[in-house]
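Below is one structure; the comments refer to it alone.
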Number of protein chains: 2
Amino acid sequence: MKTSNTEQTFDPNSASEAAATSEGRGTYDERVNRILAAATGVIARVGYEKASMRQVARAAGVSLAGLYHYFDSKEKILFLIQFRSFNALLTGLREKLHHVEDPFDQLRVMVRNHTGYFVANMASLKVCSHELDSLTDEAYEETFAIRRHYYEVTRGIVDRLFDKYAPDSTLDRHVATMSLFGALNWLYRWYDPKRGGSPTALANQLATQFLHGILGPPPAPDAAGESAPP
Amino acid sequence: MKTSNTEQTFDPNSASEAAATSEGRGTYDERVNRILAAATGVIARVGYEKASMRQVARAAGVSLAGLYHYFDSKEKILFLIQFRSFNALLTGLREKLHHVEDPFDQLRVMVRNHTGYFVANMASLKVCSHELDSLTDEAYEETFAIRRHYYEVTRGIVDRLFDKYAPDSTLDRHVATMSLFGALNWLYRWYDPKRGGSPTALANQLATQFLHGILGPPPAPDAAGESAPP
DNA sequence: GATAAAACCGAACGTACGTTCGTTCGTCTT
DNA sequence: AAGACGAACGAACGTACGTTCGGTTTTATC
């Protein structure tokens with residue numbers, strides 16, 4: 001009995017209860033993941049609306065009807081791709097933030113986490129950045145909720161940055177946060193891991209630009225000792 | 001005889017030779033522009049692939065067949081929307097740059113030009129930012145060429161900024177330029193003119209963040225007199 | 001008011017899509 | 001050996017799409 005995908009709900013927990021019911025070629029979860037990976041590639045290349053289930057089936061090495069044995073619908077495939085990516089981004093970020101205190105370092109952790117996941121899963125994050133509005137109803141609401149959590153965690157870092165290092169700044173914090181997301185979510189349009197610099201250099205530069213951008217030139221060499229970042 | 005749209009080429013010059021051959025409801029060009037505006041709204045709302053010619057025709061107040069009297073194909077409609085927007089962005093920027101010398105001010109001009117055109121034509125720029133890869137062959141090449149020119153003008157400003165104010169910076173100038181485009185092209189995802197601040201405040205903040213971001217804190221209060229922006 | 005061109009439209013054509021149906025083939029369990 | 005179930009597939013269904021065709025109405029010119 002398969003637990004999640006053949007049901008009608010949008011519960012994205014994908015682990016089967018039984019570990020390996022059939023070993024024809026990998027477990028059930030492994031076959032799901034392989035098909036999802038193929039679908040991610042196709043959707044990233046041609047876009048969700050233009051990607052046909054026949055294309056996905058061919059790329060995954062199954063028949064068109066076989067595809068529907070694993071997924072209820074085309075939208076469910078997109079939902080799973082997005083939900084898993086956003087979830088990985090968010091939980092990865094929350095874990096890494098536990099070990100860091102200063103908002104200056106937290107911002108660097110956030111940028112490194114995002115670019116790191118991007119470089120390791122370029123197709124997935126392209127689909128996440130480009131197909132934000134392709135889901136409908138509950139599937140949309142559910143991914144939207146995670147994205148809002150991701151925003152709020154990031155916004156919290158930005159708030160603490162302003163409060164600690166630039167409490168008198170007139171910059172709008174929402175605009176600042178969204179400009180950071182813009183720089184990050186635009187990566188899929190131009191970054192080429194073969195030609196661009198190393199992922200770490202990319203993350204460092206994006207974080208540095210953002211930090212200098214909102215903290216600006218130090219007010220003047222006269223204030224108290226807590227005005228300069230460590 | 002109509003000059004451009006009914007031909008098979010992708011020449012986007014839209015001015016008819018005869019000023020007003022028909023006055024039923026506006027000139028030929030006015031009718032073309034009204035249909036294009038309606039198409040822009042539909043494509044911005046539901047996406048290019050999902051937008052049907054029937055939907056566009058209904059929004060424009062013409063029949064499905066009547067639509068094909070003005071445009072050869074669906075792709076040509078998207079091409080015209082993108083070509084005209086990119087062209088307006090680029091020529092507007094080039095004009096405004098003529099009166100400005102310092103790269104610091106030039107960058108502010110660029111950001112103001114882009115955000116200003118965005119706020120005045122939100123649907124068009126959403127289509128331009130989101131449907132970059134929906135054109136094929138010559139239509140794609142032609143819009144790609146303008147986008148490259150737009151990049152090169154902006155990159156020139158960034159280069160002069162670095163050369164004049166931060167010649168020893170280790171930041172990658174391509175990454176810096178693309179992060180600026182990311183912040184600008186992501187606007188359509190979140191900026192709401194009713195709730196967000198004024199467009200000028202938005203432009204000022206984005207320009208300030210970018211300038212401080214790449215110029216960083218002044219190296220130290222010991223260098224020569226040309227290290228601080230005017 | 002006749003004539004020609006432009007403007008416009010209802011109806012259809014062919015195709016590709018997402019999804020479903022009925023069935024077969026193995027492989028477990030009993 | 002029998003039964004049950006997961007995995008997989010070929011073929012089809014209904015629909016919506018982009019585009020075209022043949023014709024009618026409107027407008028401009030003489």
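Here is how names work: the chains are called A, B, and so on, in the same order as the sequence lines, proteins then strands, and each is numbered from 1.
- A straight line from NE2 of B:His69 to C1' of D:dT20 spans 15 Å, rounded to a whole angstrom.
- Within the 4.5 Å cutoff, side-chain heavy atoms of A:Met53 are placed close to those of A:Tyr68.
- Spacing between atom CZ of B:Arg34 and atom C1' of C:dA7 amounts to 13 Å, rounded to whole angstrom units.
- A cation-pi contact, defined as under 6.0 Å to the ring centre and within 45° of the axis, links A:Lys74 to A:Tyr48.
- Atoms OH (A:Tyr28) and C1' (D:dC5) sit 14 Å apart, rounded to a whole Å.
- Side-chain contact between B:Tyr70 and B:Ile77: absent, with no pair of heavy atoms (C-beta onward) separated by less than 4.5 Å.
- Rounded to an integer number of Å, the gap from CG of A:Leu67 to P of D:dC9 is 10 Å.
- Toward the 5' end of DNA chain C, the nearer of the two residues A:Gln55 and A:Ala65, judged by each one's closest nucleotide, is A:Gln55.
- For the pair A:Phe210 and A:Val158, the minimum side-chain heavy-atom distance is below 4.5 Å.
- Within the structure, a side-chain polar atom (N or O) of A:Tyr70 is placed less than 4.0 Å from OP1 or OP2 of D:dA8.
- Every residue two or more places apart in sequence or in another chain that forms a side-chain hydrogen bond (donor to acceptor under 3.5 Å, both in side chains) with A:Tyr150 is listed here: A:His114.
- Aromatic ring centres of A:His174 and A:Tyr151: separated by under 6.0 Å.
- To the nearest angstrom, P of C:dG18 lies 13 Å from CG of A:Leu78.
- Atom CG of B:Leu64 and atom P of C:dC13 are 15 Å apart (whole Å).
- Of the residues in residues 40-51 of chain A, not one places a heavy atom less than 4.0 Å from an atom of DNA chain D.
- Using a 4.0 Å heavy-atom criterion, one finds that B:Ser52 contacts the sugar-phosphate atoms exclusively.
- Between the CZ atom of B:Arg58 and the C1' atom of D:dA16 there is a distance of 12 Å, rounded to whole Å.
- Among the nucleotides C:dC9, D:dT19, C:dT20, the one closest to the side chain of B:Val62 is C:dC9.
- Atom-to-atom, CE of B:Met53 to C1' of C:dC9 comes out at 15 Å; the value is rounded to the nearest Å.
- Closest-nucleotide positions on DNA chain D for A:Arg54 and A:Gly66 were compared, and the one nearer the 5' end corresponds to A:Gly66.
- A salt bridge does not link A:Arg45 to B:Asp133: none of the charged nitrogens lies less than 4.0 Å from a carboxylate oxygen.
- Of the side-chain N and O atoms in A:Arg31, one or more sit less than 4.0 angstrom from OP1 or OP2 of D:dA7.
- Listed candidates were C:dT19, D:dC9, C:dA7. Nearest to the side chain of A:Ser73 is C:dT19.
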